[in-house]
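Please read the structure below before turning to the comments.
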2 protein chains.
Amino acid sequence: MTIQSRRERERAEREKLIITAARELAETEGWEAVTTRRLAERVEYSQPVLYSHFKGKDAIMAAVAVEGFAELAGELRAARTAARDADDALAGVGRAYVSFAERRPALYDAMFRRGVDLPFATPQVPPALSAGFQELAEAVRPHAGDDDLGLLTETYWAALHGLATLTLGGRLPRELHERRLALLLARFTAGSG
Amino acid sequence: MTIQSRRERERAEREKLIITAARELAETEGWEAVTTRRLAERVEYSQPVLYSHFKGKDAIMAAVAVEGFAELAGELRAARTAARDADDALAGVGRAYVSFAERRPALYDAMFRRGVDLPFATPQVPPALSAGFQELAEAVRPHAGDDDLGLLTETYWAALHGLATLTLGGRLPRELHERRLALLLARFTAGSG
DNA sequence: TTTTGTTCCTAGCGCTGCTAGATTTTCCTG
DNA sequence: CAGGAAAATCTAGCAGCGCTAGGAACAAAA
């Protein structure tokens with residue numbers, strides 16, 4: 001038992017090490033710089049070790065993405081609970097969401113842009129992901145009126161995602177982001193009462 | 001003169017051939033299947049010929065994207081001019097936009113998702129792209145009120161882009177898209193009068 | 001027909017994700 | 001402590017990628 005559990009623990013530690021190294025490399029140099037060779041070198045193991053932990057590079061990205069979900073959920077929660085009223089909460093989570101994407105573009109990439117096939121709208125969705133969605137939903141709830149809360153939250157999320165990705169991709173000038181967000185919020189808070 | 005112009009014409013035809021082949025390959029098998037080798041084989045030339053036309057693979061994608069801009073602009077225009085009233089126009093361009101992304105995912109990828117560094121918010125923006133944006137803007141105008149038309153159009157665009165990309169990426173279930181779009185439209189048409 | 005200039009291809013570089021097979025290390029047994 | 005089974009790990013390599021140098025083949029001019 002003892003020896004087996006020690007091995008499992010060491011394996012888990014090494015797996016965590018790989019994920020952290022991948023994330024750091026991605027955040028400093030972008031995902032295109034994260035190659036299995038460089039990653040192996042960073043964790044001081046040979047390439048095949050990576051494949052004993054993960055099915056492939058995509059699975060490593062997915063693992064990094066799951067870390068990101070947890071952090072995003074935390075930041076959304078902080079923004080929401082710090083808000084004074086319902087309007088402020090919706091604005092807060094919106095700002096926090098886009099801010100997260102801007103501060104951690106590589107992380108955001110792995111979470112929502114890359115084709116990492118994590119389960120999304122299914123029962124096996126990562127808890128951290130659904131936690132983040134719940135934060136959005138709670139912020140949206142007071143403005144939902146008779147509309148379906150889940151659908152409206154998805155719609156708000158999509159709008160934030162669009163603003164974030166178009167800005168990250170250089171399609172929208174960054175300086176005017178705050179004003180665009182204000183326009184969006186005006187449309188989503190108007191009919192709430 | 002004659003001989004030189006013939007060569008230029010042939011060069012232009014071959015360039016068009018490359019773009020078309022790249023687009024077809026991308027639309028049928030996705031961009032990851034578009035390799036310079038396969039592309040060269042399709043156009044029945046050797047690889048280096050591609051590089052005498054384009055700086056690299058990214059430049060080929062950018063050329064395909066420009067084609068896409070023109071088509072999207074056309075579809076948006078058709079949707080807008082076919083509308084009965086202002087509300088219908090906004091809904092029409094919205095539906096047309098997302099429909100385009102769903103029908104031509106690879107094309108949409110090249111246009112708005114990949115890192116192809118085409119000029120966007122600058123004077124040298126491709127005419128077809130600004131034409132498409134203008135169509136959106138015309139549809140948004142009646143609903144802008146005192147808000148800045150350009151900024152509001154960007155915001156509406158971002159929302160559509162978010163809906164389209166999250167759906168394409170499997171993050172949002174496709175079946176409910178129409179209802180999400182309806183929610184978005186309700187928020188963007190409400191205060192127009 | 002030879003020369004000149006352009007066009008185009010062959011071959012190859014350094015990189016990628018990934019894996020088969022050999023080797024080393026770890027552990028249990030006598 | 002020594003020998004052997006089992007597990008962990010590495011070396012070496014495959015097929016493919018984007019891209020390019022240098023030479024062969026062609027067309028136009030003399």
Side-chain angles (χ1 to χ4, degrees), chain A residues 1-19 21-23 25-26 28-65 106 109-110 114-118, chain B residues 1-19 21-23 25-26 28-65 106 109-110 114-118:
Chain A
M1 290 284 187
T2 317
I3 171 167
Q4 169 123 7
S5 71
R6 191 213 67 206
R7 280 187 171 162
E8 282 172 9
R9 190 182 63 242
E10 285 176 354
R11 249 192 90 79
E13 281 169 8
R14 195 173 62 181
E15 189 159 311
K16 173 69 181 165
L17 186 66
I18 293 171
I19 296 172
R23 173 176 171 168
L25 207 44
T28 54
E29 304 186 42
W31 279 109
E32 69 282 350
V34 183
T35 71
T36 56
R37 268 164 252 261
R38 288 195 66 183
L39 191 49
E41 191 186 15
R42 279 249 184 155
V43 297
E44 296 178 308
Y45 282 95
S46 68
Q47 270 179 291
V49 167
L50 304 179
Y51 293 89
S52 76
H53 286 269
F54 302 95
K55 195 181 160 198
K57 191 186 169 183
D58 283 3
I60 298 177
M61 288 188 57
V64 173
D109 249 43
R114 301 266 167 167
V116 283
D117 46 307
L118 284 163
Chain B
M1 290 283 186
T2 315
I3 172 167
Q4 169 124 7
S5 70
R6 191 211 66 206
R7 282 188 170 163
E8 283 172 9
R9 190 181 63 242
E10 285 175 353
R11 248 192 91 78
E13 281 168 8
R14 195 171 62 179
E15 190 159 312
K16 173 71 181 164
L17 185 67
I18 293 171
I19 296 172
R23 172 176 172 167
L25 207 43
T28 54
E29 304 186 42
W31 279 109
E32 69 283 350
V34 182
T35 70
T36 55
R37 270 163 252 262
R38 289 195 65 182
L39 191 49
E41 191 187 14
R42 280 249 183 156
V43 297
E44 296 177 309
Y45 282 95
S46 68
Q47 270 179 291
V49 168
L50 303 178
Y51 293 87
S52 76
H53 287 269
F54 301 95
K55 194 180 160 198
K57 191 185 166 180
D58 282 4
I60 298 177
M61 287 188 57
V64 173
D109 249 43
R114 301 266 167 165
V116 283
D117 48 308
L118 284 162

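Computed from a predicted model, the values in this text were never measured in an experiment. In what follows, chains are A, B, ... by sequence order, proteins preceding strands, each numbered from 1.
C:dC8 atom C1' lies 17 Å from atom CD of B:Glu41, rounded to whole Å. Look at CZ on A:Arg11: it is 12 Å from C1' on D:dT9, rounded to the nearest Å. At whole-Å resolution of the value, CD in A:Glu15 and P in D:dT9 are 13 Å apart. Taking atom CD1 of residue B:Ile18 and atom C1' of nucleotide C:dC8, one finds them 13 Å apart after rounding to whole Å. Protein atom OH of A:Tyr45 is 7 Å distant from nucleotide atom P of D:dC10, rounded to whole Å. In this structure, the CD atom of A:Glu10 is 13 Å from the C1' atom of D:dA7, given to the nearest Å.
Taking the side chain as every heavy atom from C-beta outward, A:Tyr45 and A:Ile18 never approach each other to under 4.5 Å. A:Val49 has its side chain within reach of A:Arg14: a pair of non-hydrogen atoms, C-beta onward, lies under 4.5 Å apart.
In this structure, CZ on A:Arg38 lies 7.5 Å from CD on A:Glu41, to the nearest 0.5 angstrom.
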Using a cut-off of 4.0 Å between protein heavy atoms and nucleotide atoms, how would you tag nucleotides 12-23 of chain D 5' to 3' with B, S and -?
-B---BBBBB--
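An angle of 30°, rounded to 10°, separates the two end axes of the helix from C:dT1-D:dA30 to C:dG30-D:dC1, each defined over five pairs.
Counted within 6.0 Å of CD on B:Glu10, heavy atoms from surrounding residues, nucleotides or ligands total more than 12; the atom is thus considered enclosed. Environment of CD in A:Glu29: crowded, with over 12 heavy atoms of neighbouring residues, nucleotides or ligands closer than 6.0 Å.
At a threshold of 4.0 angstrom between heavy atoms, the contacts of A:Arg14 are confined to the sugar-phosphate backbone, with no base atom among them.
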